Protein chains: 2
Amino acid sequence: MNKHAHSESSQPLKIPTLSDVALAAGVSYATADRVSNERGNVADKSVRKVRDAMDALGYVRNAAAANLSRRRTYRLAFLLPKGPNAFFSRVRAHIDSLLNHLQADQINVTIIEIDAFEIEGLKRSLLSIADAAYDGIAVVGLHSPEIVEPLEKIRSQGTIVVGLVSDLPTLHREAYIGINNVAAGRTAGRLLGLAHADKQGRVQIIAGSLKARDHKDRLKGFSDVIREDYPKIELLDPIMARDNPDKVKAAVNEALIAKPKVTALYNVGAGNTGLVEALEQNTRKKRFFCVVHELVQHSHKALLNKHVDVVIDQRPDEEIDRALTTLKALIDDRTALPMQDLVPTIYVRDNLPSNNSHTTPD
Amino acid sequence: MNKHAHSESSQPLKIPTLSDVALAAGVSYATADRVSNERGNVADKSVRKVRDAMDALGYVRNAAAANLSRRRTYRLAFLLPKGPNAFFSRVRAHIDSLLNHLQADQINVTIIEIDAFEIEGLKRSLLSIADAAYDGIAVVGLHSPEIVEPLEKIRSQGTIVVGLVSDLPTLHREAYIGINNVAAGRTAGRLLGLAHADKQGRVQIIAGSLKARDHKDRLKGFSDVIREDYPKIELLDPIMARDNPDKVKAAVNEALIAKPKVTALYNVGAGNTGLVEALEQNTRKKRFFCVVHELVQHSHKALLNKHVDVVIDQRPDEEIDRALTTLKALIDDRTALPMQDLVPTIYVRDNLPSNNSHTTPD
DNA sequence: GCCAAAATGATTGGCGTCAATCAATAAATG
DNA sequence: CATTTATTGATTGACGCCAATCATTTTGGC
């Protein structure tokens, strides 16, 4: 009764090689190779024999041997905004930590710093790498028609382009690796709404700039959820703080003092050090329900200190891993492999990672 | 650290080989090889010369060539509970989807089904694979001293053993890949607490069995948080439903009818189809705040239908990926690589994966 | 300075695939 | 039928590393 069933897979100690396939198919190695690598000039009949033999033996090309023989190396570049931003420090740190491992697989990654969020800077950077003959690049992009031309110049040389964190013009990149920021905003709104439990509320929103697409998307998602499902919560006009800690601090203080009925804060963008500072100095007894984005050193600490209740994070480590996997796959066979959606992650005090790569100081 | 300038990467990019290292170090290939593979019988002076040359050239062993030459194949097994459990179906499906990719890297994975959560069955299964000479196994385990002996028998043959989802006796496995269930329970408690916003509340807890360590841990975490931070919420005695949908349904109905002041439900374990059924037939207008575990088809749907408010998930896909990576690393060099903690993931209606290819809306 | 031990050098045959060459055979054409 | 053309076969040298053998040199003990 308690038999354990082995699954379909047997114990093939002998892994079939292409020679084995050729033998089984009754053709020469050369023909099997022609089929395997789609070199053409093979009769349909032979193709079928070889393919059948492959299935029968369960042949899978040995990736190590193939890569070795092919002398394939992957030349990749990541174009990241420069500057002291804590989030992108996390990204860079993670790439650095992978460098050795990647090199063992002949994957060479270069980080190129670009002017953060300025179309002209991005455009210039793209043009300047157009001749560098990368096999693939991941770009923290902007959704602007102005960069279509440089993108196409790069792509015309066979370079694979993917968007990272923030998307590029959809038709001019192969894939986008990042979260859906509307969903991220909705998630923030949902938790904030839940935490009001049918009570009245007023939210002060702080954002960087509505020109940044991610901020705009988050704000939209957030507002939609509140309006749809939490009508008792009032949305105050967002304060624009340009992701600047000082401006954020001022905004929070304004909300604390000039708008005494505020029950919650939502910071759409960066600059959370300022937010935490303001809250630490807060003399009001009643506390805010507070939602911010991106788990970095100070937001992590603020969560533990109870100045912040929820952090919505986009898991840059995973984004990088996926960007690498996707680029490699696209370069190899020009087909992206299906992966589960990247999704905004919710952190509260109790599900924080303890061994962290995100505590890198900025 | 932050010295990532525009890299000088337009060169031919000659990746150094071990021959290059030998040449640069002024020793023979044989000596460089002795150092590289730690074969011993090398003078300290030579070791130093070779190591210096490696650093100077930035030598990293070509993994493809090494694996090919070594003729290394990885024979792995996953021991999973059998039965129709939705969660483990997800696990199996994910492994299946990886099979081809893995085989290209000479990784052969066998799924072995074991009697779910019965010590005797697990023990028998372990003993029966002891001679199969796997390089590594991942076991959905039990924290019981009875399986120490079979585990040690397996390990004595050089097989690497890791715990998966549910841990094994700590000293008798190499690593554990799974979430911290106390944290998972705390997370559930935190969200349920937040959603009460200082109001009174009563929670009906439903659990499978407190003999299962994961359930016990979750329950502890949950109760701790409520007691610590939400004193206005009363914890009713847990109902044991053995992860059985019918029993869960009965438990929910009991809470609905016999305990009219219940404001929230927390299902620690499985059997959520029963929970949803009961809620769908609920005639009371006031709804519960409802937290369950594991994102599977029906809990996903329940989240969208608003019968469930929060799902705590352990991301089995990622667990599998990590189990594979960890096993491979341990087999290769007997050292687990550092990875960010696996953490309980929170899903609300708005951050669900949609599994479509990731195209930004415009 | 002799001899054993230790260290180093030199070289080789794979591993499985790729990419090429050249010869040999089969099929198609007029 | 002769002559193209298409298809197959046979073989080979990388790729970079591993693992082994055997020869040679250096070192250290006495």
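What you see is a predicted model, and the numbers here were worked out from it, not measured in a lab. To find a chain, count down the sequence lines: A is the first, B the second, and so on, and within it residues start at 1.
- Between the side chain of A:Gln157 and the backbone N or O of A:Ala130, at least one donor-acceptor pair lies under 3.5 Å.
- Near DNA chain C, meaning a heavy atom under 4.0 Å away, the residues from residues 61-70 of chain A are A:Arg61, A:Asn62, A:Ala65, A:Ala66, A:Ser69, A:Arg70.
- A:Arg75 places a side-chain N or O within donor-acceptor distance of the main-chain N or O of A:Ala132, the cut-off being under 3.5 Å.
- Cation-pi check for A:Arg173 over A:Tyr176 is not met; the charged atom does not lie both under 6.0 angstrom from the ring centroid and within 45 degrees of its normal.
- Running 5' to 3' along DNA chain D, contacts with non-hydrogen atoms of chain A at under 4.0 Å begin and end at D:dT7 to D:dG16.
- Side chain to side chain, B:Asp105 and B:Tyr74 fail the donor-acceptor criterion of an N or O pair below 3.5 Å.
- Put simply, CG on A:Asp20 is 10 Å from C1' on C:dG16, counting in whole angstrom units.
- Salt bridge absent: A:Glu319 and A:Arg315 never bring a charged side-chain N and a carboxylate O closer than 4.0 Å.
- Under the salt bridge (charged side-chain N to carboxylate O under 4.0 Å, His left out) criterion, the residue pairs touching residues 153-165 of chain B are B:Glu152-B:Arg155, B:Arg155-B:Glu174, with sequence neighbours excluded.
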Atom pairs under 3.5 Å, N or O on each side, protein against nucleotides 6-10 of chain C: can you list them with distances?
unit_1 : atom_1 : unit_2  : atom_2 : d
C:dT8  : OP1    : B:Ser46 : OG     : 2.2
C:dT8  : OP2    : B:Ala43 : N      : 2.6
C:dG9  : OP2    : B:Ser28 : N      : 2.8
C:dG9  : OP2    : B:Ser28 : OG     : 3.1
C:dG9  : OP2    : B:Thr31 : OG1    : 2.8
C:dG9  : N7     : B:Arg34 : NH1    : 3.4
C:dG9  : O6     : B:Arg34 : NH2    : 2.9

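- For B:Asp135, the side-chain hydrogen bond (donor to acceptor under 3.5 Å, both in side chains) criterion is met by no residue, not counting sequence neighbours.
- Rounded to an integer number of Å, the gap from A:Arg71 CZ to C:dA20 P is 10 Å.
- By the side-chain hydrogen bond (donor to acceptor under 3.5 Å, both in side chains) test, A:Asp52 pairs with no residue at all, sequence neighbours left out.
- For the atom pair OG1 (A:Thr73) and CD1 (A:Ile331), the distance works out to 9.5 Å, reported to the nearest 0.5 Å.
- Of the possible polar contacts, one joining the A:Ser166 side chain to the A:Gly141 backbone as a donor-acceptor pair under 3.5 Å is found.
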